[in-house]
Number of protein chains: 2
Amino acid sequence: MPGVANIRVLERAVDVMNCLAELGQPSSLSEIVGKISLPKTTVFRILNTLEEHSLVVRCNGQYAIGPAVLFWASAYKGQNVLLEIAKPYLVELWDFTRETVHLISFDGEEAYYIEKLDTPHAVRMHSRIGAHLTLYCTAAGKAILASLSKEELDAYLRKTQLISKTPNTIVDRGNLMAALSKIRQEGFAKDLQENEEGICCVGAAILQNGRPVGAISVSAPAYRFQEEKMLEAGRKVQEIAAKISEALNSLPGM
Amino acid sequence: MPGVANIRVLERAVDVMNCLAELGQPSSLSEIVGKISLPKTTVFRILNTLEEHSLVVRCNGQYAIGPAVLFWASAYKGQNVLLEIAKPYLVELWDFTRETVHLISFDGEEAYYIEKLDTPHAVRMHSRIGAHLTLYCTAAGKAILASLSKEELDAYLRKTQLISKTPNTIVDRGNLMAALSKIRQEGFAKDLQENEEGICCVGAAILQNGRPVGAISVSAPAYRFQEEKMLEAGRKVQEIAAKISEALNSLPGM
DNA sequence: ATTTAAATTCCTCCATGTGGAAAATTATTT
DNA sequence: AAATAATTTTCCACATGGAGGAATTTAAAT
C-alpha cells in the first residue's frame, strides 16, 4: 500500500474531519489549525469545501461535523448487518462487566472496530470506532484467527510479519499457533498487554456459517483485570458471542 | 456561497462516497465510473486514497463504504442528542402511520434530515439522510418557521427568496405568513405537493426551551394521503413531537 | 488457448491547489 | 466609545501535484 501515490488534499481533508471528530465539539479555525499542523488558509479552504456538502457545519464561526456523514454511516450499516444485530447484546455484556466493550467487523481480510461502549470508570483505554485493528496482538483479533481454516490462517501468516508493539506482543509464529490452539480450547481469547501497555482484553469471535465475520471484546486497565475477573469476563464474552452468532444465522433470508 | 472557490478533488471524492452510498452494495470501479462521469484513472486514485483511511474498503475488487465513517457519525451524534432521544418515538410514529417518517435537525440556521424510516409500501419518496431541506416548502420546515420568534422569522425571510419548486410552492410572503399562522392554530404543518410533485407531508416542530431544534414529518404519495388520513397523521405527529420535546427538556443537565 | 473486458501503472502537461501576506471582521481591553 | 488585539477571510503569484490519455497487466469469458 505505501507506494501508491495518494492525493494530498484528500488526506488533509480526512485529517480535518478526524480532528473535528476528536475535538467532539464545535471548534474555531484556530483550534483546528492548532491540532493539525497546516497553514490556516489551507484548512480554511478545506472546511469551506466540506461545508458545501454538509460534511461540516458552521454555527457562529465554529466548525463541527455535519449531518452528511449520517448518509454514509447508514449506507455502511446497510452492508453490515452485524452492527444492528449485535447492539443489544453488547449492552448486556457492558452491564455485566462495566468495562469498555468493542464490536469488531471482519471482512475476511481486515478487522475494524465498528462499535464501542465506554466504561464508566475514569481510567479507560483510548480507541476509535472505524479504526483498523491488528489481528495477532489483540484478543478479538486472535479469536478471529483461531476460528479461521488452516489454509486461511497460513495465508494470513504468510503475508503478515509479527511486529512487536509492546514487550508482551507475540512475535514468534510457533508461540502464536500455541496461543491460538489454547484459545480454541478455552473458548475465548486473552490479550495480556500485547497490543497496548497496561491494557488487557478478552475476546471471542462471531461466526456466520462457520466463518468468522467479527468479534467482541472487553478491555480494561491491567490493574482492574486480573486472573479471576478476566476469566469471568471471558466466559461472558464467549456466551454473548455465541448468542450473536446464533442471531446472525437465524436471520430471514440466510 | 457560490463564489468561494472550492477544491475540486475534494468535491469529486465526496461524489464518489455518495455514489458508493447510493449504490448500497460493493461495486466495481466501472460501475462507479458509470454513475459519475469522470475518467477511470481519476476515480481510481480517489478510491485508493479513501481506502488508505478506511473510508472505503475493497473486497475482491469491489469497492464499498468503509467503517471509518462510523467514527464521524458517532462524533456527530455526540453533538446532536436529538437523534438518540427521538429514535423510539419515531418508531412509534412509523408503527401508527406506516409511511415514511423523517427526523429533522435545525441548528438555528439550516435544517437537515438526520433520520429516516421508510414506508413498507413499494411506492415511496426518495430522500437522503444528511441532506439539507428547504424550510418554506416542506411540512417540517414550515413547522419550524411557525415556531420561530418574530425577529428570527423576519431575518429568515429577509435573506431567503421563495423559489417555486412545484406549481404548489408558496412563493408569496403574505401567503406564507398566513400558512404559518394556520399551522400555529392547527398544531401541525401540511405540505401539499409544495416541495415535490406527488408528495404530501405533515410535520411538527420539536422545541427545546421554547426554541425549535428540529422537527418530525410523515411523507406519502398524494394518493395515499388525503384529507382524513392526513389529519389523523397530523394529530399523531403533533403528539409525538410534543413527547420528544418533553423528553429533550427533561434531560439530565438541562 | 484466445479473445474480451476490466483494473492498474506510467508519464507528461498545465490547471489547480498552495500558503504568505494583506484586508476585513470580530472580540477584547482601556 | 475608541483602540487594540486576535481571528477570520480574501487575494494572488508560483510551482507543485493532480489530471487523464495511453500502455500494461491482470482477470474473466468463450
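Below, chains carry the letters A, B, ... as their sequence lines are ordered, and counting in each starts from 1.
Atom C1' of nucleotide D/dA19 and atom CG of A/Leu10 are separated by 14 Å, given to the nearest angstrom. Counting to the nearest Å, the C1' atom of D/dT16 and the CD atom of A/Glu11 are 16 Å from each other. Atom CG in B/Asn60 sits roughly 18 Å away from atom P in D/dT26 (whole-Å rounding). Atoms CD1 (A/Ile7) and P (C/dT16) sit 14 Å apart, rounded to a whole Å. If you measure from atom CZ of B/Phe44 to atom P of C/dC10, you get 11 Å, rounded to the nearest angstrom. A/Leu38 places its CG atom 13 Å from the C1' atom of C/dG17, with the value rounded to the nearest Å. Protein atom CG of A/Asn48 is 16 Å distant from nucleotide atom C1' of C/dG19, rounded to whole Å. At whole-Å resolution of the value, CD1 in B/Ile46 and C1' in D/dG18 are 10 Å apart.
At a cut-off of 3.5 angstrom, the base of D/dG18 holds no donor-acceptor pair with the side chain of B/Arg12.
Residues B/His53 and A/Glu11 have side chains that bring a donor and an acceptor to within less than 3.5 angstrom of each other. Neither side chain, A/Lys116 nor A/Thr100, offers a donor N or O lying under 3.5 Å from an acceptor on the other. B/Thr138 and B/Asp191 share no side-chain donor-acceptor pair at under 3.5 Å.
Residues B/Lys40 and B/Ser30 come closest through the heavy atom pair NZ-OG, 3.9 Å. Closest non-hydrogen pair, A/Tyr112 versus B/Ser54, comes out as CE2-OG, 3.3 Å. Heavy-atom minimum distance, B/Ala73 versus A/Ala73: CB-CB, 3.5 Å.
Residue A/Arg58 has a polar side-chain atom (N or O) positioned under 4.0 Å from OP1 or OP2 of D/dT9. Phosphate contact (OP1/OP2 of C/dG19, side-chain N/O of A/Thr42, threshold under 4.0 Å): present. Between C/dT18 and A/Arg45, a contact under 4.0 Å exists linking OP1 or OP2 to a side-chain N or O.
Note that the CZ atom of A/Arg12 and the OG1 atom of A/Thr42 stand 5.5 Å from one another [nearest 0.5 Å]. A distance of 6.5 Å separates CG of B/Leu29 from CG of B/Leu47, quoted to the nearest 0.5 Å. Within the model, atoms CG of A/Leu145 and CG of A/Leu153 stand 6.0 Å from one another, a figure rounded to the nearest 0.5 Å. The distance from the NE2 atom of B/His132 to the CD atom of B/Glu110 is 3.5 Å, given to the nearest 0.5 Å.
Picking from C/dT18, D/dG18, C/dT8 the nucleotide with the shortest atom distance to the side chain of B/Tyr63 gives C/dT8. Closest contact between the side chain of A/Lys40 and the listed nucleotides D/dT8, C/dT8, D/dG17 involves D/dT8.
Of the residues near DNA chain D, A/Gly61 and B/Arg8, the one whose nearest nucleotide (by heavy atom distance) lies more toward the 5' end is A/Gly61.
Rounded to 10 degrees, the angle separating the terminal helix axes of the helix from C/dA1-D/dT30 to C/dT30-D/dA1, each built from five base pairs, is 60°.
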Each nucleotide N or O in nucleotides 20-28 of chain C that has a protein N or O under 3.5 Å away: list the pair and distance.
residue : atom : partner : partner atom : Å
C/dG20  : O6   : A/Thr41 : OG1          : 3.4

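A donor-acceptor distance shorter than 3.5 angstrom exists from the side chain of A/Ser250 to the backbone of A/Ala247, with no hydrogens or angles considered. In this structure, the side chain of A/Gln62 engages the main chain of A/Pro26 through a donor-acceptor pair within 3.5 Å.
Using a 4.0 Å cut-off on heavy atoms, the residues of residues 23-34 of chain A that approach DNA chain D are A/Ser28, A/Leu29, A/Ser30, listed by number.
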